[in-house]
Amino acid sequence: MKERLRRLLVEAIAAAVKEGQLPGDAAGVEVYVERPPRSEMGDFSASVAMGLAKVARRPPIQVAEIILSHLPSDPVVEAAEIAPPGYINFRLGPRWLTDAVAECLTRGSDYGRSDWGAGRRVQVEFVSANPVGPIHIGNARGGPYGDVLASLLEATGHHVTREYYINDGPENTQIVVFGGSVQARYLQALGVEAALPEGGYQGEYVTELGQALAAEHGDRYRNVPQDEAGALLFFGLVRDRMIQVLQEDCDALGISFDVWFSEQGLYDSGAVEAVVKKLMDLGAAYERDGAVWLRSSAYGDDEDRVLVRQSGGPTYLASDAAYGLNKFLERGFDHVIYVWGPDHGGYVARLKAALAALGVEPERVEIIIYQIVRILRGGEPVRMSKRAGNAIWLRDIIEEAGRDAVRFFFLLRSVDAHLDFDLELATRQSEENPVYYVQYAHARTYGIQKEAAARGFPGPSTERLELLSHPAERDLMRYIADYPGLVSDAARQRAPHRLTHFALEMARAFHQFYDRCRVLDPANEELSAARLALVVATGQVLRNLLGLLGVSAPERM
RNA sequence: GCGCCCGUAGCUCAGCGGGAUAGAGCAUCGGACUUCGGAUCCGAGGGUCGGGGGUUCGAAUCCCUCCGGGCGCGCCA
């Protein structure tokens, strides 16, 4: 609807320019249509006239008058008025709302979907936590975010691949330390005196891994030296188990990845070596001090970065460049979104530099950094470190609060904002969690339908939707009408939190409607049928919303 | 020191393609139909939008600067 009004305005301005009433450069201005702050001001408004006042060298009100005099007629526009200091306010006929209800019922679960993505192939890579332990609350945030972002892109006509990058490469020091930790726990399980490596992983699950290895293999690996090679050997023994743990965690969150991509695979195929050579051939990398450097400073980074160490081992940047080449060149994604944690902020410039050096257009690379999650327990911050072993596992939180609440809670805030997750609040007060408010609204739409059937009311009908004229009905219908625009806005802005906020507002509009408008009125069957249609459409939109959020939409609670 | 993010009601946060009287939830206080689910609804109080400059007809929103908080600045990932 905004778009429809916007076109009317653009046409009107063009016509005015043609007749010489507005200067030529007026035709190029951006026109935005928005919601006025109060409903008495109309259904939609535009402030173009104020923006044009300067170039037109006329007062805004006059500009608005000129625009209005050229405004093409549209059956849905009941009135277009000018309000000081120069707003153009549109008052629309009831059809634009009731048509939305009808359209929602016709399109069902497709309502809100669009095709502006035109089938572009987009990859969203997220979570990608190192395979050295279960997902903890600190790196869990990317899960719901990436998953819902992917859903939003799907809903707007993109072809989306959800991908998890497994950092199981041999050059990953975390892998080495982790493997060494497993080895130490294995030896201890055999009764051998063994110390954890420097900065080793102290989590209980590591002890369990060691014990499991001892039970399975006995003392077969007892004499493996406690060095890097030994650590990697032990990592190899538990690698599949660790990936399985990560997959189970993602399952528990309701996330299903299309691709689990192994960094080790890039080494095995020679892709890492090849990309370094390619960068050298391109002149984007050079040797110095026995290391190979990426000329990243020529591509926007502060300084050049090491690709291959003096020791001969490639850095993470080298395998990431190879991975990028794989994404863009081999698999041909049009656009790639990386969802990273806050500790990766310093890495953005160098990855972009590497990809730019390889010829990937910068606009195809998008890196989103979400902000830190702070864990509180009753208001007190809880420190956590995977290595220290006092991490808070995602799985435990899900068990306590439930998947729906965890996802909804994580999606309540903008990615740019820090997120406080208070365990006590998420568990003790789980009944007051906002997710229940929305789910209850959805369940209520079912309750009403069931009651209608039980009492023998005729089913929902769109025949007399014009009977829906109560302010609460109009408010509610407005959410239904706005929903498709919300989905494309949220996708464009990479802002899943717009969905949770909209869901809460719409649920409130529905509860208000329920409170003020009796749906099932035996004395007025036509009105009842129309209201029932509104109830069904509301349930449909809530269900579509919750579907995008990956939160269940129960029929009763 | 440099880079990124944040600073809006007591608390947690929306709003930030500049626009009309700045919003919500929680918390506090006070209310609601003998009826479709009270996990609901209504009302009230509560604000120098961190401070200061600037751009503009108009700034929570854009620019500069200062203050406060978080994160990052490795031949770790």
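Note on naming: letters A, B, ... go to the chains in the order of the sequence lines (proteins, then strands), and numbering restarts at 1 for each one.
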Enquirer: Any idea which of B:A77, B:A20, B:A39 is nearest the A:Glu171 side chain?
Expert: B:A77
Enquirer: List the protein contact pattern of nucleotides 4-17 of chain B with one symbol per nucleotide (5' to 3'): B for base contact, S for sugar-phosphate-only contact, - for none; contact means a heavy-atom distance under 4.0 Å.
Expert: -BS-----SSSS-B
Enquirer: When the nearest nucleotide of RNA chain B is assigned to A:Ile448 and to A:Val306 on a heavy-atom basis, which residue is associated with the more 5' position?
Expert: A:Ile448
Enquirer: Name the closest nucleotide to the A:Gln512 side chain, picking from B:C71, B:C42, B:C36.
Expert: B:C42
Enquirer: Please map the stems of RNA chain B, keeping only stretches of three or more Watson-Crick or G-U wobble pairs with both distances under 3.5 angstrom.
Expert: B:1-7 with B:67-73, B:10-13 with B:23-26, B:28-32 with B:40-44, B:50-54 with B:62-66
Enquirer: Got a sec, which residues hit salt bridge (charged side-chain N to carboxylate O under 4.0 Å, His left out) with A:Arg305, two or more places apart in sequence or on another chain?
Expert: A:Asp301
Enquirer: If you measure from the Lys or Arg side-chain nitrogens to the Asp or Glu carboxylate oxygens, is any gap between A:Arg309 and A:Glu171 under 4.0 Å?
Expert: yes
Enquirer: Taking 4.0 angstrom as the limit, do A:Asp304 and A:Arg288 come out as a salt bridge?
Expert: no
Enquirer: Between B:G18 and B:A60, how far apart are the C1' atoms? Round to whole Å, please.
Expert: 10 Å
Enquirer: Quick check on RNA chain B: between A:Ala83 and A:Asn167, whose nearest nucleotide comes earlier from the 5' end?
Expert: A:Ala83
Enquirer: Sequence neighbours excluded, which residues qualify as side-chain contact (heavy atoms from CB on, under 4.5 Å) partners of A:Asn326?
Expert: A:Phe261, A:Glu330, A:Arg331
Enquirer: Which residues pass the ring pair (Phe, Tyr, Trp, His ring centres under 6.0 Å) test with A:His344, not counting sequence neighbours?
Expert: A:Trp340
Enquirer: A:Glu451 side chain: which of B:C41, B:C71, B:C36 is closest?
Expert: B:C36
Enquirer: Tell me whether A:Tyr514 is stacked on the nucleobase of B:U40, counting only the six-membered base ring and applying the 5.5 Å and 30° thresholds.
Expert: no
Enquirer: Can you tell me how far C1' of B:C71 sits from CG of A:Asn139, to the nearest Å?
Expert: 15 Å
Enquirer: List for me each residue that meets side-chain contact (heavy atoms from CB on, under 4.5 Å) alongside A:Val438, sequence neighbours excluded, and say none if there are none.
Expert: A:Phe408, A:Ala503, A:Leu504, A:Ala507, A:Leu542, A:Leu546
Enquirer: How would you list, by chain and number, every residue that makes a side chain to side chain donor-acceptor pair (under 3.5 Å) with A:Glu526, sequence neighbours excluded?
Expert: A:Arg464
Enquirer: If a pair satisfies salt bridge (charged side-chain N to carboxylate O under 4.0 Å, His left out) and one of its residues is in residues 433-461 of chain A, list it, with sequence neighbours excluded.
Expert: A:Glu451-A:Arg455
Enquirer: Kindly state each residue pair satisfying salt bridge (charged side-chain N to carboxylate O under 4.0 Å, His left out) with at least one member in residues 172-182 of chain A, sequence neighbours excluded.
Expert: none
Enquirer: Mind checking what makes ring pair (Phe, Tyr, Trp, His ring centres under 6.0 Å) contact with A:Tyr370, not counting sequence neighbours?
Expert: none
Enquirer: List, one per line, each side-chain donor-acceptor pair under 3.5 Å for residues 51-58 of chain A, sequence neighbours excluded.
Expert:
residue, atom, partner, partner atom, Å
A:Arg58, NH1, A:Gln62, OE1, 3.1

Enquirer: Can you see if the side chain of A:Tyr437 gets near the phosphate of B:C41 - specifically, an N or O under 4.0 Å from OP1 or OP2?
Expert: yes
Enquirer: Can you list, in residue-number order, the parts of residues 520-535 of chain A that come under 4.0 Å of RNA chain B, counting heavy atoms only?
Expert: A:Leu520
